[in-house]
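Written below as C-alpha cells is the structure these notes are about.
Chain naming here is simple, since letters A, B, ... match the order of the sequence lines and numbering starts at 1 in each.
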Number of protein chains: 4
Amino acid sequence: MTVPDNPRQLSAEIFRVVTGTSEPIYRQLIEQLRRLLAGGQVLAGDAMPSVREVASELGVNPMTVSKAYSMLEAEGLLVRRRGLGMEVAAQSDGNSDLESRLELLRPGLERIAVEASQLELEPKAVIALLTSILKGK
Amino acid sequence: MTVPDNPRQLSAEIFRVVTGTSEPIYRQLIEQLRRLLAGGQVLAGDAMPSVREVASELGVNPMTVSKAYSMLEAEGLLVRRRGLGMEVAAQSDGNSDLESRLELLRPGLERIAVEASQLELEPKAVIALLTSILKGK
Amino acid sequence: MTVPDNPRQLSAEIFRVVTGTSEPIYRQLIEQLRRLLAGGQVLAGDAMPSVREVASELGVNPMTVSKAYSMLEAEGLLVRRRGLGMEVAAQSDGNSDLESRLELLRPGLERIAVEASQLELEPKAVIALLTSILKGK
Amino acid sequence: MTVPDNPRQLSAEIFRVVTGTSEPIYRQLIEQLRRLLAGGQVLAGDAMPSVREVASELGVNPMTVSKAYSMLEAEGLLVRRRGLGMEVAAQSDGNSDLESRLELLRPGLERIAVEASQLELEPKAVIALLTSILKGK
DNA sequence: GTGGTCTAGACCACT
DNA sequence: GTGGTCTAGACCACA
C-alpha cells in the first residue's frame with residue numbers, strides 16, 4: 001500500500017459497479033467510497049473525480065453518480081466546492097483502526113456463514129475457498 | 001449432516017429474511033430454498049410450509065411468499081398439489097457434490113475479497129474473523 | 001388549533017411551494033415538513049400523502065417529491081412502509097417547546113433585520129408591517 | 001441616517017454574502033445594492049469598489065462579482081467608466097419614500113408569517129423576537 | 001395502489 | 001469546465 005501525496009486528483013477508476021444485482025448503483029458507490037476512506041486509500045482533501053467522468057467511465061447516467069455524491073455530502077464525507085467539484089471532507093478521519101475496518105466486513109461474513117450452513121458446508125472448506133480467493137488477488 | 005426421513009412437513013423456520021436491504025424478500029426466499037436443496041436439508045417430496053404460515057412467521061405479506069413459491073414452481077423446483085399445498089419436486093436433484101456447493105458460495109466470497117481490499121485488510125485478519133463467526137454458530 | 005386523532009391520513013394540501021425563487025422545490029418541502037412537525041400540526045404515525053398525490057397537487061414531477069421524502073427518511077423524520085407509503089416516524093418528537101420553535105424562525109428574522117438596515121427602515125416601521133401581516137392572516 | 005458628501009469611494013464592506021444557502025451570490029449582491037440605493041446609503045455618482053476588492057473581501061470568485069456588476073449595469077443602476085471602474089448611475093433615483101422601501105421588505109415578512117403559522121407561533125412571540133434582533137443591532 | 005431506481009436531456013449557477 | 005435541479009417516462013418490488 002502506497003500513501004500518496006495529498007491532496008491529489010482521484011480517478012474515476014476508484015469505483016467499480018456491478019449490474020444485474022439488486023443493490024442500487026448509487027448505493028454501491030456510497031459504500032465503496034466509505035470503505036476506501038476507512039482503508040486510507042482516499043484521504044481528506046483529495047479531489048473526487050467529476051460526476052461526468054465517473055458516469056462515463058462506469059457507463060451510467062450522471063444523475064446516478066450525482067445522487068451518490070449528494071448523499072455523501074449530506075453525510076459529511078464530501079464537501080462541494082462550487083464550480084470546482086467535490087472533495088473529500090477534512091473531518092473524514094481517514095484510515096480507521098483495524099477493529100473498525102473489520103466491523104465493516106462483519107455483516108457480509110455473517111451472511112456467508114448463513115449461506116454456508118444452508119449449503120451444509122464445513123468451515124474448513126469455506127475458509128479454504130476464501131483463502132484461495134484472497135491470495136489469488 | 002443429518003438426512004431426515006422423507007417425506008415430511010417442513011416448518012416455516014427454514015426461512016430467514018433480512019429487511020433494510022435492497023435484496024427483495026421474494027428473492028431471498030428463492031435463493032435460500034436453492035441452497036437448502038443443494039445442501040440436502042430439503043429433499044424431494046418434502047411438503048413446503050404454507051404461504052400464510054411463512055408470511056406470518058417472517059412478518060411479510062403473503063403475496064410476497066406466494067410470488068416466491070410461484071417462481072420456484074415455474075423453475076420446476078416446487079410442484080403444486082391441489083388442496084395440499086406445495087411440495088418439493090421429485091426432479092430437484094437433491095444433495096449436490098461439494099464442488100457445486102462451493103461454487104454457489106463463491107460469488108459472495110469474491111465480493112468479500114473486494115471489500116477487504118478496499119478496506120486494506122490483510123487476508124489473515126479476514127480469515128480469522130470468518131473462522132470465529134463460522135465456529136461460533 | 002385542533003389536535004386531531006392520530007394516526008390519520010395527511011392531505012397533499014399541507015404543502016405549498018413557490019416557484020420563481022432559487023430555493024429548490026424539494027428543499028421547500030423538507031423545511032415545511034420540519035416546521036409542521038415542530039409546530040405539532042403533523043404527528044408521529046401520521047400517514048404522509050403519496051408522492052404521486054403531492055406531485056399532482058403541486059404540479060411538479062413525482063421524482064422531485066420523492067427526493068424530498070427520501071431525504072426526510074434519511075434524516076429519520078419519515079419511515080417507509082413498503083407498498084403502503086411513508087409515515088411520520090415515531091421518534092419525531094412532535095410539538096417542540098416554544099424556544100426551539102422560535103430558534104427555527106431566527107435566521108429568517110435576522111435576514112429581515114439586515115435588509116431593514118440597508119433600507120434605512122426604523123424598527124418601529126418594520127414591526128408595524130409585520131404585525132399587520134401576522135394579524136391579517 | 002447620515003447623508004455623506006458626494007461623490008465618494010464606496011468600500012467593499014457595503015456587501016455581505018452568506019454561503020450555504022441556495023440564493024446565488026451574484027443575486028445577493030444585486031439585491032443588496034438595490035436596497036442600499038433605496039435606503040439612500042449609496043448615492044448617484046458614488047464609485048463602486050472594484051471587482052477584485054469585493055471578491056477578495058467576500059472570498060468569492062471575481063467572475064461572480066463581475067456578473068453582478070454587469071447585470072446592475074444592464075439594469076441601468078451602474079455605469080462603467082473606462083479605466084476608472086463602475087459608479088452609481090445618475091438616474092438611479094436615490095432615496096425612495098417610506099412606503100416603497102417597506103414594500104421591498106414585505107415579501108420576506110410574508111414568508112416569515114407563513115413559517116410562523118407552520119410553527120404554531122403566536123404573533124406576539126414572533127414580534128418580540130424580531131424586536132430584540134432589530135434593537136440589538 | 002405504494003415508493004425506488006434509472007435514463008435521457010434540458011437549463012441554471014458558478015469557476 | 002464543475003455540480004444542482006427538474007422533467008418525462010420507463011420498469012421494478014411490494015401490498
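In the displayed structure, A:Glu13 atom CD is contacted under 6.0 Å by at most 12 heavy atoms of other residues, nucleotides or ligands. The neighbour count for C:Gln9 CD, taken as heavy atoms of other residues, nucleotides or ligands under 6.0 Å away, is above 12.
The interatomic distance linking C:Glu23 (CD) with E:dA13 (C1') rounds to 16 Å, in whole Å. C:Gln9 places its CD atom 12 Å from the C1' atom of E:dG1, with the value rounded to the nearest Å. Counting to the nearest Å, the P atom of F:dG3 and the CG atom of A:Leu84 are 10 Å from each other. Note: CE (A:Met86) to P (F:dG1) measures 19 Å, nearest angstrom. Atom-to-atom, CD of C:Gln28 to C1' of F:dT5 comes out at 12 Å; the value is rounded to the nearest Å. Rounded to an integer number of Å, the gap from CZ of C:Arg82 to C1' of F:dA15 is 11 Å. Look at CD on A:Glu87: it is 15 Å from P on F:dT2, rounded to the nearest Å. Between A:Tyr69 atom OH and F:dG4 atom P the separation is 10 Å, expressed in whole Å.
Side-chain contact between D:Leu78 and D:Met48 is present, with heavy atoms from C-beta onward closer than 4.5 Å.
No donor-acceptor pair under 3.5 Å is formed between the side chain of B:Glu87 and the backbone N or O of B:Arg81.
Put simply, A:Arg80 has a side-chain N or O that comes within less than 4.0 Å of OP1 or OP2 on F:dG4. A close approach under 4.0 Å does not occur between any side-chain nitrogen or oxygen of B:Thr64 and OP1 or OP2 of F:dC14.
Residues C:Ser66 and D:Lys67 both approach DNA chain E. Their nearest nucleotides, taken by heavy-atom distance, put C:Ser66 toward the 5′ side. Mapping D:Arg27 and C:Met48 onto DNA chain E by nearest heavy atom places C:Met48 closer to the 5' end of the strand.
Atom CG of A:Leu77 and atom CE of A:Met71 lie 12.5 Å apart (nearest 0.5 Å).
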- May I have the step-by-step check of side-chain contact (heavy atoms from CB on, under 4.5 Å) for B:Arg16 and A:Val114, ending in yes or no? CA-CA 10 Å; B:Arg16 191 147 309 179; A:Val114 169; 5.9 Å; no
- Intermediate values then yes/no, side-chain contact (heavy atoms from CB on, under 4.5 Å), B:Leu58 and B:Ile25: CA-CA 10 Å; B:Leu58 301 180; B:Ile25 293 169; 5.6 Å; no
- Evaluate the criterion side-chain contact (heavy atoms from CB on, under 4.5 Å) for residue pair A:Arg111 and B:Glu23; output intermediate values, then yes/no. CA-CA 13 Å; A:Arg111 177 178 166 157; B:Glu23 186 173 25; 3.4 Å; yes
- What pattern of brackets, bars and dots sums up DNA chain E from 5' to 3', given Watson-Crick or G-U wobble pairs under 3.5 Å, [ ] for crossing pairs and | for another strand? ||||||||||||||.
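Checking each of A:Gln32, A:Arg35, A:Glu31 against B:Glu115 for a side chain to side chain contact (heavy atoms under 4.5 Å, CB included) leaves exactly one that passes, namely A:Arg35. None of A:Leu43, A:Leu72, A:Val88 except one satisfies the side chain to side chain contact (heavy atoms under 4.5 Å, CB included) rule with A:Leu37; the exception is A:Val88.
A:Arg52 contributes no side-chain N or O that forms a donor-acceptor pair with the base of F:dG1 under 3.5 Å.
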Protein N or O to nucleotides 8-10 of chain E N or O, pairs below 3.5 Å:
{"unit_1": "E:dA8", "atom_1": "N7", "unit_2": "A:Asn61", "atom_2": "ND2", "d": "2.8"}

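Counting non-hydrogen atoms under 4.0 angstrom, C:Glu73 reaches the backbone sugars and phosphates but no base.
Comparing E:dC6, F:dA15, F:dC6 by their closest approach to the side chain of C:Tyr26 singles out F:dC6.
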